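Since we're looking at a predicted model, the values are computed, not measured. Here is how names work: the chains are called A, B, and so on, in the same order as the sequence lines, proteins then strands, and each is numbered from 1.
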Amino acid sequence: MIRSDIIKNLIPVISNEFVVCNIGLPSQELHMMDDQPTNFYMLGTMGLSSSIGLGLALAQDKTVISIDGDGSVLTNFGTLPTIANNVADNFILFIVDNGSYGSTGDQPTYAGQKTSLTKVAEACGCENVIECQAEEAVDVMTAAIASKKMTIIVCKCESGNIKVPVITMDPVVIRDRFMRELAAANAE
Amino acid sequence: MSVNDRIVADFVKNKIELVTTVPCKQLAGVIEKIEESKDIYHIPSNKEDEGMGICAGAYMGGKRSAIIMQNTAIGVTVNTLVTLTQYYRMPLPMLISYRGELGEPVACQVEMAVHTKALLAQLNIPTYHFHKEDDADELDAILKHCFMCNKPVAILTDASFWKGY
Ligand SMILES: [Mg+2]
């Protein structure tokens, strides 16, 4: 299974949650398969999906899921100690670990070699770190949402991409509809 | 009231509830006051672009935020300022120690000081320079301006403002 298979399988589970999606293909895949206001697509700024998600989770009560990648976590490695030391139990960091920089042509990352993101997250002090295979993603995500505990999921899968269109939506529209939906959910 | 207390009071008055910081010697006092404040959640960042991501999330979650950092961070965060904060049109007050100005003992800091205002100008970031303690009288208005226009705003604070290094 590749990343797009995982995202497709996760949609029934995450469709009603607030999702921050990583730059490039992950956002484009989610946008193509399940575009809706509860998705925040990153159009730039590689690495910050987990930081944006943490800020969101700390600021309000609804569950926030950051879909991240192994390459992006490596780019913003400082994020894991910050997450570990600022626990937000409404935050789930889902790292699609395909061992490659998928959006730029599947160049190998160190996470696909000697470096274990699971062990790094644990060493940084993250408490609920779960490594799973692509086939287990739906069950692990379902349990993480139900647990109401901050959870880091490292989901191992194969590298590879499908053809997807770029997102042409205006960034302010993406941000504004996401904020309105989130504010409405919190006002309920 | 000390200048550090005044800065934190203006943050609180403007409903800033989350502040992320990357330390600088000049900022040690204000960071300590942020940590002590009961009205502000202080979240230290390991790198300034990470902090700006956290601030972006907090803003979308309905909380006002700010970042406290050194001017060297302008070099680190250009891409984030442009493709996140500005592209999605988000407010971000940046309280910045302006290292490398008069009184600076570390020569290397001057290397970034000479680029600081030029970079901020190139990025079309509204920039204010606090040189004397009274300049902080404008902080309240600057914060209101920032949240009115949804832009990152830079407040450069030099060694003279902090009364030494
Ligand atoms: Mg990858």
Please determine whether residues [X] and [Y] belong to a single hydrophobic cluster, defined as Ile, Leu, Val, Met, Phe, Trp and Tyr linked transitively by side-chain heavy-atom distances below 4.5 Å.
| X | Y | answer |
| --- | --- | --- |
| B:Ile16 | B:Met94 | no |
| B:Leu139 | B:Val30 | yes |
| B:Phe161 | B:Val153 | yes |
| B:Ile125 | B:Tyr128 | no |

Report, by ascending residue number, the residues of [range] in heavy-atom contact with chain B at a distance under 4.5 Å; give 'none' if the set is empty.
| range | answer |
| --- | --- |
| residues 59-78 of chain A | A:Ala59, A:Gln60, A:Asn76, A:Gly78 |
| residues 34-45 of chain A | A:Phe40, A:Tyr41, A:Met42, A:Leu43, A:Gly44, A:Thr45 |
| residues 101-121 of chain A | none |

Pairs of heavy atoms under 4.5 Å with chain B: top-ranked of A:Asn86, A:Leu182, A:Asp170: A:Asn86

Contact summary for [X] and [Y], nearest pair of heavy atoms:
| X | Y | result |
| --- | --- | --- |
| A:Arg175 | B:Asn150 | NH2-ND2, 4.0 Å |
| B:Pro44 | A:Thr82 | O-CG2, 3.9 Å |
| A:Ile52 | B:Ala56 | CG1-CB, 4.5 Å |

Under 4.5 Å, heavy atom to heavy atom, which residues of residues 74-93 of chain B contact chain A? B:Asn79, B:Thr80, B:Thr83, B:Leu84, B:Tyr87, B:Tyr88, B:Arg89, B:Met90

When rounded to the nearest 0.5 angstrom, what is the spacing between [atom1] in [X] and [atom2] in [Y]?
| X | Y | atom1 | atom2 | value |
| --- | --- | --- | --- | --- |
| B:Ser45 | A:Leu54 | OG | CG | 9.0 Å |
| B:Glu50 | A:Ile83 | CD | CD1 | 8.0 Å |
| A:Leu58 | B:Ile54 | CG | CD1 | 7.5 Å |

Contacting region of B:Tyr41 [heavy-atom separation from chain A under 4.5 Å]: side chain

Taking atom NZ of B:Lys151 as the centre, report whether more than 12 heavy atoms of other residues, nucleotides or ligands fall under 6.0 Å from it. no

Does atom NZ of B:Lys144 have more than 12 heavy-atom neighbours from other groups under 6.0 Å away? yes

